[in-house]
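To start, the structure under review is shown below, and the notes come after it.
Computation of the quantities below employed the complete heavy-atom set of this structure, encompassing side-chain atoms and omitting hydrogens, waters and symmetry-equivalent molecules. Because the structure is a prediction, the values reported are computed rather than measured.
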Amino acid sequence: MSTCATASRESAESLAGTAAPARTWLLIEQTGPWGAHALTNSHLDPDVGRALEAAAEGTGVRVALIRRPGRHADCHGTSRRRMFLAHTAPGRSWIRTTTVTDPRAALDLDFVALGGGEHRGLWEPYIGEPLVLVCTNGKRDRCCALLGRPLAAELAAGGSEVWEVTHIGGHRFSPTLFVLPYGYAYGRASSPLVKQAVEAARDGRITSDHCRGRSAWDRPGQAADLAVRGLIGEDRADALDVVRTDPMWPEPKSADSRTPSSATVGGASPAWVVTVAHSDGRAWQVAVEQRADGAAAPASCGAPLGPPARMAVVSVTAANGLLHGTPQAAASR
């Protein structure tokens, strides 16, 4: 059976720069089956789901449903459910948790403050093992169920603090997941790789193998972060920060043009200069371009064939000169 994950793997599509952007995650436990759009197509009241989407829009908070791995009976009886809030910005990562009887309690949250990293003492601090969130929603894409659910079950049997999650983008990279508190996502994951990522997160580090990027940043920032990490061999999660992302002007441009290339001018590809800073004071400027020059493949199962957009790291420049000028591919949706 041909799937989007098979096509992506066979074409060696890069994973870097493909994580779903979210400075803060709001994760709400919801048992039972999930539809393709789980917030409004599950046993969660669809009015609550729509209200959560509206409240989170534009705030940097991403809302998703979670459930424990295993069989999911089609029942409505959920007396108590777990909720997590997790902020993923470097140096300010945190997880808060609570248990509620009514998910409407989430509508009282200050989404703007949470997106900015301010929890203001809300709920209780989470002090357990790093959280592993594996995408398993087969109604969204069959690869997530076929590849994600077995991995989630294996991790749970091995003692990991794992939850299934509704949607984190990148079906074709299944099994795909992210690890909190730092928010780094991984694709084409295996149980040994996840255990390595959890062990690293426990020590305040990340593993770059099969890494898609940190959700705190947009996709050019994710690609830039991983490029600098690869260049200098840095694995400490909070050692690097994306401090600025500037759209590049296409060349040549008309005299009266004021549109940055992130809006694509005259057929020019979107491009950015991303500034990545190290906690020791060093900094780099990373030139990133969006390209669509790879082999045609479906973005998800059943989607039409087309070359996936990707982030291409063109150069990494330090204040004292060029450190790295070899293009590095980093896929993106």
Could you report the tightest heavy-atom contact between [X] and [Y], atom names first, then the distance?
X: His210; Y: Arg188; answer: ND1-O, 3.1 Å
X: Arg142; Y: Cys301; answer: NE-SG, 3.5 Å
X: Met83; Y: Thr97; answer: O-OG1, 2.9 Å
X: Arg82; Y: Thr99; answer: CD-OG1, 3.8 Å
X: Ala38; Y: Thr166; answer: CB-CG2, 3.4 Å
X: Ala55; Y: Thr59; answer: O-CG2, 3.6 Å

Sidechain-backbone polar pair: [X] side chain, [Y] backbone, donor-acceptor under 3.5 Å:
X: Arg291; Y: Ala312; answer: no
X: Thr88; Y: Tyr182; answer: no
X: Glu234; Y: Arg236; answer: yes
X: Asp280; Y: Arg282; answer: yes
X: His171; Y: Ala299; answer: no
X: Ser215; Y: Ala22; answer: yes

Please examine the side chains of [Y] and [X], heavy atoms only from C-beta on, and report whether any two atoms are closer than 4.5 Å.
X: Arg172; Y: Pro308; value: yes
X: Ser191; Y: Leu151; value: yes
X: Leu177; Y: Leu133; value: no
X: Thr31; Y: His43; value: no
X: Ser160; Y: Val194; value: no
X: Arg81; Y: Leu44; value: yes
X: Asp218; Y: Trp272; value: no
X: Val134; Y: Leu155; value: yes

Item to check | Residues Gln30, Arg67; criterion side-chain contact (heavy atoms from CB on, under 4.5 Å); working and verdict | outcome: CA-CA 6 Å; Gln30 178 59 62; Arg67 64 191 179 194; over 6 Å; no

Just checking, is any N or O donor in the side chain of [X] or [Y] under 3.5 Å from an acceptor N or O on the other one?
X: Arg212; Y: Gln222; result: no
X: His37; Y: Glu53; result: yes
X: Arg310; Y: Ser14; result: no
X: Arg140; Y: Ser300; result: no
X: Ser93; Y: Arg214; result: yes
X: Glu289; Y: Ser269; result: no

Next on the checklist: With salt bridge (charged side-chain N to carboxylate O under 4.0 Å, His left out) as the criterion, how do Arg120 and Glu118 come out once you've worked through the C-alpha distance, each side chain's angles and the decisive distance to 0.1 Å?
Outcome noted: CA-CA 6 Å; Arg120 299 173 181 172; Glu118 302 295 331; 5.4 Å; no

Distance, nearest 0.5 Å, that separates [atom1] of [X] from [atom2] of [Y]:
X: Thr6; Y: Leu147; atom1: OG1; atom2: CG; value: 7.5 Å
X: Thr136; Y: Leu146; atom1: OG1; atom2: CG; value: 11.5 Å
X: Phe173; Y: Cys4; atom1: CZ; atom2: SG; value: 9.5 Å
X: Thr98; Y: Leu85; atom1: OG1; atom2: CG; value: 9.5 Å
X: Leu52; Y: Arg104; atom1: CG; atom2: CZ; value: 10.5 Å
X: Asp141; Y: Ser174; atom1: CG; atom2: OG; value: 6.0 Å

Checklist entry - Parallel under 30°, tilted from 30 to 60°, perpendicular over 60°: which one fits the rings of Phe84 and Tyr126? => result perpendicular

Checklist entry - According to the interplanar angle, ranging from 0 to 90°, do the rings of Trp94 and His119 count as parallel (below 30°), tilted (30 to 60°) or perpendicular (above 60°)? => result perpendicular

Given the rule that I, L, V, M, F, W and Y join up when any side-chain heavy atoms are under 4.5 Å apart, are [X] and [Y] in one cluster?
X: Trp25; Y: Val165; value: yes
X: Ile95; Y: Trp163; value: yes
X: Leu109; Y: Leu39; value: yes
X: Leu131; Y: Phe178; value: yes
X: Tyr184; Y: Val276; value: yes

Checklist entry - Does atom CZ of Arg50 have more than 12 heavy-atom neighbours from other groups under 6.0 Å away? => result yes

Checklist entry - Any chance CG of Leu305 has more than 12 other-residue heavy atoms, nucleotides or ligands included, within less than 6.0 Å? => result yes

Checklist entry - Stepwise, does the side-chain contact (heavy atoms from CB on, under 4.5 Å) test hold for Glu13 with Thr18? => result CA-CA 11 Å; Glu13 183 183 357; Thr18 66; 5.7 Å; no

Item to check | Test side-chain contact (heavy atoms from CB on, under 4.5 Å) applied to Lys139 and Asn41, step by step | outcome: CA-CA 10 Å; Lys139 294 295 185 180; Asn41 192 6; over 6 Å; no

Next on the checklist: Please identify which of these residues, Asp209, Thr207, Leu15, meets the side-chain contact (heavy atoms from CB on, under 4.5 Å) condition with Tyr186.
Outcome noted: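 Running side-chain contact (heavy atoms from CB on, under 4.5 Å) over Asp209, Thr207, Leu15 with Tyr186 returns exactly one hit, Thr207.
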
Next on the checklist: Using a strict threshold of under 4.0 Å (side-chain N to carboxylate O), is an ion pair present between Arg68 and Glu161?
Outcome noted: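 Salt bridge flag = yes for Arg68 with Glu161.
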
Checklist entry - Run the side-chain contact (heavy atoms from CB on, under 4.5 Å) check on Leu240 and Trp284 step by step: do they pass? => result CA-CA 10 Å; Leu240 297 182; Trp284 297 263; 4.2 Å; yes

